[in-house]
Protein chains: 2
Amino acid sequence: MKKTKVSSTNQVNKNYLEDICMGAYALGIIGSRWKLSIFFNLKDRPMRFSELKYSLNGITERMLALNLAEMEKDKILTRIVFAEVPARVVYELTPIGKALTAVWDQLDNWGRQHKDLISADALL
Amino acid sequence: MKKTKVSSTNQVNKNYLEDICMGAYALGIIGSRWKLSIFFNLKDRPMRFSELKYSLNGITERMLALNLAEMEKDKILTRIVFAEVPARVVYELTPIGKALTAVWDQLDNWGRQHKDLISADALL
DNA sequence: TAAGGAGCTTACAAAATTGTAATCATGAAA
DNA sequence: TTTCATGATTACAATTTTGTAAGCTCCTTA
């Protein structure tokens with residue numbers, strides 16, 4: 001899925017931080033570029049691969065597949081395959097995945113506040 | 001501070017996401033390797049450069065200075081310089097910085113739940 | 001006048017993440 | 001038998017993030 005040099009200082013530091021701080025651990029799991037947006041799409045209803053692709057304007061199939069696979073491995077979502085042709089695959093949040101809702105809604109809120117503050121300051 | 005190719009697809013996608021999703025915007029500001037841990041250190045009291053350096057086992061001065069500078073630019077914290085020799089510099093969270101507490105505490109909590117779940121599953 | 005500590009800064013290099021483009025498997029329908 | 005759509009995978013290259021090592025500036029004290 002991805003190759004990391006297991007014993008680079010980089011990796012050691014990452015592991016250390018994720019070990020002493022569950023927040024860092026959480027960000028390690030769901031903090032990369034597209035995952036948050038995938039989450040927001042799946043929040044209300046399961047969606048299929050192609051729907052996500054169109055919704056996430058600009059994502060490549062590679063990135064989408066890669067992120068979905070990681071999120072599945074980390075039990076954030078479930079992959080449901082229908083035995084049809086052409087294949088139909090649907091992604092759905094797991095309970096622990098859905099439990100992110102409260103966190104992300106709050107973060108979204110903080111972001112809005114921060115942006116307002118910054119643009120207000122820019123007017124001075 | 002950092003040089004980014006303004007019009008790489010990478011940058012375009014980042015901007016797009018941060019534009020439509022305040023959560024992505026927020027992560028863009030405080031989602032990098034050390035920032036969360038800097039935040040957790042500063043949560044209870046202001047700290048000086050060298051204190052942070054020792055507390056964040058493994059961080060280099062470059063990374064610490066870089067992250068602190070960005071967080072100051074983004075108004076997450078305030079830099080307070082005392083006119084002493086040798087220099088004494090203290091970092092303190094701003095109100096909007098402190099407002100992250102609720103979010104990060106919740107994230108920390110989610111991380112703990114997630115880790116428990118994963119290790120429980122590993123026993124099967 | 002030389003050393004020393006705190007807080008940076010710089011040039012450089014390693015590593016990780018993200019993107020490009022081409023290709024594949026499936027099996028139904030043309 | 002060829003074509004088609006969906007969901008994926010692969011080899012490769014660009015971009016970004018992080019780390020290394022050295023040096024710099026302030027003034028004070030020896």
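Note that these values count all heavy atoms, side chains included, but never hydrogens, waters or copies made by symmetry. Every chain is numbered from 1 and lettered A, B, ... according to where its sequence line falls, protein lines coming before strand lines.
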By nearest nucleotide on DNA chain C, pick out whichever of A/Asn67 and B/Val90 is the more 5' one. B/Val90
Rounded to whole Å, please give me the gap between NZ in B/Lys14 and C1' in D/dT16. 9 Å
Side-chain ion pair, B/Glu51 and B/Arg45, N-O less than 4.0 Å: yes
What I want to check is whether the side chains of A/Asn67 and A/Arg33 have a donor and an acceptor closer together than 3.5 Å. no
Winner on side-chain proximity to B/Val85, out of D/dT16, C/dG5, D/dT20, is C/dG5
Using the side-chain heavy atoms of B/Asn13, tell me which of these nucleotides is nearest: D/dT6, C/dC8, C/dG19. C/dG19
Base of C/dT20 paired with side chain of A/Arg62 (donor-acceptor, under 3.5 Å): yes
Assign each of A/Arg33 and A/Arg79 the nucleotide of DNA chain D bearing its closest heavy atom; nearer the 5' end lies the nucleotide of A/Arg79
Of the nucleotides C/dT17, D/dG19, C/dG19, which one has an atom closest to the side chain of B/Met63? D/dG19
Proximity to the side chain of A/Glu61 - top-ranked nucleotide from D/dA8, D/dT15, D/dT6: D/dA8
Determine the interplanar angle of the A/Trp104 and A/Phe39 rings, folded into 0 to 90°, and report it as parallel if under 30°, tilted if 30 to 60°, perpendicular if over 60°. perpendicular
For A/Tyr91, which contact category applies under a 4.0 Å heavy-atom criterion: base, sugar-phosphate, or nothing? sugar-phosphate
